[in-house]
Amino acid sequence: MTDGAADDLVRAVEAALFAAEEPMTAEALSTHLGGADVRPALSQLADHYRGRGVELVERGRRWHFQTAPDLAHLLRREREQVRRLSRAATEVLAIIAYHEPVSRAEIESIRGVQTSGGTLDVLMEAGWVRVAGRREVPGRPVIYATTPEFLAHFGLQSRRELPGIDELRAAGLLDPVEDAFEAAVAEPEESPDPLASGSESA
Amino acid sequence: MTDGAADDLVRAVEAALFAAEEPMTAEALSTHLGGADVRPALSQLADHYRGRGVELVERGRRWHFQTAPDLAHLLRREREQVRRLSRAATEVLAIIAYHEPVSRAEIESIRGVQTSGGTLDVLMEAGWVRVAGRREVPGRPVIYATTPEFLAHFGLQSRRELPGIDELRAAGLLDPVEDAFEAAVAEPEESPDPLASGSESA
Amino acid sequence: MNADDAFLFAPVDVRQEEDGWEGPAAAPGDDSALFLELDGWEGPLDLLLDLARRQKVDLKAISILALVDQYIAYIERAESLRLEIAADYLVMAAWLAYLKSALLLPKEEQEDPSPEELALRLQLRLQRLGAMREAAARLMARDRLGRDVFRRGAPEGLRIDRVNAWQCAWFDLVRAYGQVNARTAPAIHMVRERPVMTLESAISRVSAMLGVTLDWMVLEDFLPPHADGRLRRSALASSFVAALELARLGKAEIAQDAVFGPLRLRRVAS
């Protein structure tokens, strides 16, 4: 196997480029290695590393080793951190789910408060909300809609499975927050049924 | 050419070790690569790189790539990156490496001189020596041992590769003077018989 | 062994002071030509080890007597040069002098431990220190990372990215929607009907009752007897205002003897 027995110059070029802190031109390498003609060694090395986990590449006349681009995902390990959606984000998500497609201005008018851009970012990072185009009205505002991941996360076949307004009212979920809160604190010892207490622990 | 077509795991291990800023244990690599068994890939890579300008080496159970030692003359940099150790520090390091874990009093009894705190500090700052607990004897003295960085710096796979350690142990030269003395007087005509001396340097 | 590490040669001025002490030019091992400065050793054991090395024999075979002589001679010469000699070197010199004399004494006069045993211990110590000095030198001569071998100069680094796995329960979602609706629904405030005594009925009741008596009456006596709870408080307030109104019209007198005392009321005789 020819590769195994790399000649001394090839080995020297390999080691020098490996140890170098910056990409090196062939000239700089040659100077470093006593004036030898390093080009054949460079192309031999490039051949040798082709298809391996590490590649020898030339960028703007400078050579350096880099990990193979298709392995980039392996070099970045992801660690999941479970986070609960904030109450504001939950509200925005609910509004999008019930009213989609919906613009930010519409979300704000439904919520009655301003919505920070970060809230929508979080929902998009979670993969539950996507930009669904623009509304063809003056200003062409971006409109948002839910994603299939949204349905999957909440175990829904379709958005139609979301409870309607009447059902929400029947469950006490349309009571003003204050009353629901009072009802919850009036019975402090027992509120195992969340639908009954309607507390706002979010 | 079998080497050329490295399989995906070998490529991944190769790329990860190339990219890593610190030597990695097989376990850490495996965790990083989704739990795969990386050992066969490691030995395959070590074989592949043997004799090249860059080598894959194991030092204290951690793996890293480094340039081949015989190319040192080509690569040695102008600015000395390795700190020069004082003679005292050199000796203390050797005593710790060959006797570890060892207390300061034991170091001093071998050297016949007090060891300044600064000497141990220098070795610990270099990352070569660490506190390895306390000896459970009166006074509970702190005991010192070497680190994986020590092995990596001096190119040792493990302490068993310390130069001449087998000979020293066989000659009883890693045993305390008293043990060697008793062994010697037990057989008065011979000089200290290494095998007779109760070695407790393991 | 790197002997150069072990020896520091004399500075020039000291060298010129005396005769035979040639310095830097002397080859290591040329004992007579060496000027040795005590700072160059890591203690008396280290000096002894160097002197022993100069016997050019295995440490197992060194002559302790010769070594003692060399050490003492060295210290004497250093003293003659008025070099400062650390106490532990002098202690070692004294101990070696004692060891030498003991070794030369007839066997039967020897004490315990015997000088041979002491000499053996010294020899064993020198062997161990020598072994470590040699090991240290071999260690330092290895191919060292960052000097002889190099790790990758510019590693990309392995990154661990934290990704957020967002959680939201179905119930939280629909409740949030309910709350948005509840919060933004138009609010209609309905006040429940409460039992009250109007000012008009209080005026007619108080004025009617004042008509049937000339005596002072306490305000509470004007309240309807069946009134209690909220109705009684309403009646009290209304009756008080009614009393003020009747007083303003000159139809009644009001008296109060103390702050928060009972309010008394009577008809103004006309």
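We use all heavy atoms of the structure for the numbers below, so side chains are in, but hydrogens, waters and symmetry mates are not. By convention in this document, chain letters (A, B, ...) are assigned in the order of the sequence lines, proteins followed by strands, and residues within each chain are numbered from 1.
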*Verify, without hydrogens or angle tests, whether His153(A) (side chain) and Trp166(C) (backbone) share a donor-acceptor contact under 3.5 angstrom.*
no
_Flag side-chain contact, heavy atom, 4.5 Å: Asp172(C) against Phe154(A)_ = no
*Relative to chain C, which segment of Leu123(A) carries a heavy atom at a distance below 4.5 Å: side chain, backbone, both, or neither?*
neither
*Let me know which of Val174(C), Asn181(C), Val180(C) forms a side chain to side chain contact (heavy atoms under 4.5 Å, CB included) with Tyr98(A).*
Val174(C)
_With rounding to the nearest 0.5 angstrom, report the CD to OG1 distance, Gln179(C) to Thr90(A)._
9.5 Å
*Between His99(A) and Tyr177(C), what is the ring plane arrangement, given parallel below 30°, perpendicular above 60°, and tilted in between?*
tilted
*Non-hydrogen atoms of Phe65(A) and Glu156(C) that approach each other most closely*: O-OE2, 4.3 Å
*asked:* Taking CD in Glu27(A) as the centre, count heavy atoms belonging to other residues, nucleotides or ligands within less than 6.0 Å. Is the count above 12?
replied: yes
*What do you reckon, is CZ of Arg130(A) surrounded by more than 12 foreign heavy atoms closer than 6.0 Å?*
yes
*asked:* Tell me which of these, Ala169(C), Pro155(C), Ala165(C), Gly157(C), has more heavy-atom pairs under 4.5 Å with chain A than the rest.
replied: Ala165(C)
*Find the one option among Leu156(A), Leu162(A), Val122(A), Leu93(A) whose heavy-atom pairs under 4.5 Å with chain C are most numerous.*
Val122(A)
*Within a radius of less than 6.0 Å around CZ of Arg159(A), do more than 12 heavy atoms belonging to other residues, nucleotides or ligands occur?*
yes
*Evaluate the side-chain proximity of Leu173(C) to Phe150(A): yes if any heavy-atom separation is below 4.5 Å, no if none is.*
yes
*Who among Ala94(A), Ser109(A), Ala89(A), Gly155(A) has the most heavy-atom pairs with chain C under 4.5 Å?*
Ala94(A)
*Can you tell me how far the CZ atom of Arg87(A) sits from the CZ atom of Arg175(C), to the nearest 0.5 Å?*
8.0 Å
